Asker: 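This is the structure I want to talk about, given as structure tokens.
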Amino acid sequence: MARWMKMRESNIAVGIYLICAAVVIAFSVSNAHVLMRAGGIADEVRAVDERDLVRNEVTRQIEILARDQSQISHWDEAVRALASRIDWEFVREEMADWLWDDFGIQTTIVVGPDDVPRVMVFEDDILAVEEAQRHVDLGFDLIAAAREVYMAKRLPRGGRFTILAHPVRSPAPIYVSDFRLIDGDVNMIVAQAIVPDDEETLPDGLPNVLLTLKPLTQPMMEAAGEKLGLGNFTVTPGDRVPDGAASMRVGRAGDADALYASWTPSRPSAVIWEQALPVLAGVVALAILALGAVALLYGRALHRMQKSEARNRFLAHHDALTGLPNRLYFDRLLEDILSRGEQDSCAVLCIDLDRFKAVNDTYGHSAGDAVLRTVASRILAAVKGRGIAARVGGDEFIVLLHEGLGRDAVRLLCDGIVESICAEIEIEGGHASVGASIGVAWWPEDARTAKSVIRSADEALYRAKEDGRGRAYLADDEGAGGPDLESRGPEQRDPERRDPDERIAARVAPQTPR
């Protein structure tokens, strides 16, 4: 039982420590989860924002190119200069010089209704139209789409046709655009029918189409990335998108020729962790300190309670002065042993000190306590593993023997106990000397019950003291009982009628409880 209680209390203490540790871990994990979730949401929101920014920027760059090239494609002068006969002075002054110098449009091509290029301008140079064919082939789908848009939106005027809305700024623009890879460089490309802006009109049929190309240079990408707050912003083929980069498809081309805007994604979660981690670490540290202090204080309190309970359990069954079992514990265990028949035979020794009162009177009660502790240790040393000793009164002890129960062996043991007790005892201020008398009875030979065997041993003790003290009497020794009892007074004949403090009513167990 004592071991079970100790294990239970130890488990409670360990449980408290584990609960505190679990609280700290749960607190840390929950806060880390919140930070991770918040960081993930922030990253997701930022990713959506970045895609919107990139989409808007791509659209804006295309609109800029369409607006710039509309300075030519949406102009009465251009309609007249590029009709059936090309006005090369117009091409030189208005297209070669203007579009490249002012707008950075690198390539400008005029494609006739028959799909044949009529004008080719590269930067500020007018080139042979034959060199324009590969560009026309590359952007032919855009040229065709631009013609379809024009034909769908043209309006009649005096037997001819015109476009009333602005081709770029209106809700339904007539230009068509895309991103294309040309000679390894990414280009924005815009195709738009050349239409009048005021009085001019166009004949029925397909119009001339202005095809313009503007490369996305590295400075342009860096400037756009800086404005958007994106690192490594560029437009590149899909197989060149760097690992770990965010990307978004741009343009109208098929999968094989698709181009992607890519950039290094921002990670707000990293900022969140960087700023929140020191605070979280501090809070966790405080939680550890607080719960650690609680666990430590509780552990100490539990330890003190365990010691107090153990001490109380010990004192409930033991003598506080000598540490030997007391009469209550002795009585209960002896009753249990005899009732359960755990032993075939046992012997009870009642021991009473001689001249102990003189020690108390001469040296004081502290010296008497020292003598009792010494006597208890000497009795235990004599008994060793053969039995157990208990203190059952002021100077009264009792021993239960469960081994070495022969008459001669028991007499020899009693003589040794008497001799050891009679040896001088060192006390503060000098030496004390006491003696001992012993009465012995056997169970079941001399008595059948625990109470009666103690009474028989007590009667033998009385005879030993009556016959001169300092000796041991066995219950079956001549003169230890029988007729001599008739000459005693009532209290002498019946030890049960003696004063309770003078009776020996304690019982001994074969083991001292822990």
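Not measured: the values here are computed from a predicted model.
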Asker: Establish, from distance only, whether the side-chain atoms of Asp354 and Ser437 form a donor-acceptor pair under 3.5 Å.
Answerer: yes

Asker: Restricting to non-hydrogen atoms, name the atom on Asp395 and the atom on Leu372 that form the minimum distance, rounded to 0.1 Å.
Answerer: CA-CD2, 4.2 Å

Asker: Is the shortest side-chain N to carboxylate O distance from Asp369 to Arg373 below 4.0 Å?
Answerer: no

Asker: Do Thr264 and Asn232 get their side chains close enough for a donor-acceptor pair, meaning under 3.5 Å?
Answerer: yes

Asker: Can you see whether Glu428 engages Ser366 through a side-chain donor-acceptor pair at a distance of less than 3.5 angstrom?
Answerer: no

Asker: If you draw a 6.0 Å radius around CD in Glu426, do more than 12 non-hydrogen atoms from other residues or ligands fall strictly inside?
Answerer: no

Asker: Counting N and O atoms only, with roles assigned by atom type, does the side chain of Arg471 sit under 3.5 Å from a partner on the main chain of Val418, one being a donor and the other an acceptor?
Answerer: no

Asker: Can you tell me if Lys465 uses its side chain to pair, donor with acceptor, with the backbone of Ala460 under 3.5 Å?
Answerer: no

Asker: Mind running side chain to side chain contact (heavy atoms under 4.5 Å, CB included) on His318 and Asn326 for me, showing each step along the way?
Answerer: CA-CA 5 Å; His318 290 77; Asn326 60 18; 5.5 Å; no

Asker: Quick one: do Tyr260 and Val235 satisfy side chain to side chain contact (heavy atoms under 4.5 Å, CB included)? Show the steps, please.
Answerer: CA-CA 5 Å; Tyr260 291 81; Val235 177; over 6 Å; no

Asker: Report the residues that fulfil ring pair (Phe, Tyr, Trp, His ring centres under 6.0 Å) with Tyr363, sequence neighbours left out, ordered by chain and then residue number.
Answerer: none

Asker: Answer yes or no: is there a donor N or O on one side and an acceptor on the other, between the side chain of Arg391 and the main chain of Gly393, under 3.5 Å?
Answerer: yes

Asker: If you measure from the Lys or Arg side-chain nitrogens to the Asp or Glu carboxylate oxygens, is any gap between Arg332 and Glu335 under 4.0 Å?
Answerer: no

Asker: Scan the side chains in residues 268-295 for donor-acceptor partners under 3.5 Å anywhere in the protein, sequence neighbours excluded, and list what turns up.
Answerer:
residue	atom	partner	partner atom	Å
Ser269	OG	Asp43	OD1	3.4
Ser269	OG	Asp43	OD2	2.7

Asker: Charged N to carboxylate O below 4.0 Å: is that the case for Arg411 and Asp415?
Answerer: no

Asker: Just checking, is any N or O donor in the side chain of Ser377 or Thr374 under 3.5 Å from an acceptor N or O on the other one?
Answerer: no

Asker: Please determine whether a side-chain nitrogen of the Lys or Arg among Arg463 and Asp458 lies less than 4.0 Å from a carboxylate oxygen of the Asp or Glu.
Answerer: no

Asker: So does Val359 get a backbone contact from the side chain of Thr362, meaning a donor-acceptor N/O pair under 3.5 Å?
Answerer: no

Asker: Is NZ or CZ of Arg407 both nearer than 6.0 Å to the six-membered ring centre of Trp442 and within 45° of the ring axis?
Answerer: yes

Asker: Strictly distance-based, threshold 3.5 Å: is any side-chain N or O of Ser345 a donor or acceptor partner for the main-chain N or O of Trp443?
Answerer: yes

Asker: Quick one about Thr59 and Asn56 (side-chain donor to acceptor, distance below 3.5 Å, no hydrogens or angles considered), yes or no?
Answerer: no

Asker: For Cys350, is there any backbone N or O sitting under 3.5 Å from a side-chain donor or acceptor partner on Asp352?
Answerer: no

Asker: Do the non-hydrogen side-chain atoms of Arg267 and Arg46 ever get within less than 4.5 Å of each other?
Answerer: no

Asker: Does NZ in Lys227 sit with more than 12 non-hydrogen atoms of other residues, nucleotides or ligands closer than 6.0 Å?
Answerer: yes

Asker: Is the backbone N or O of Thr236 less than 3.5 Å from a side-chain atom of Thr234, with the two atoms forming a donor-acceptor pair by type?
Answerer: no

Asker: Hey, does the side chain of Arg378 reach the backbone of Ala423 with a donor-acceptor pair shorter than 3.5 angstrom?
Answerer: yes

Asker: Do Ser266 and Glu50 come within less than 4.5 Å of each other through their side chains, counting heavy atoms only?
Answerer: yes

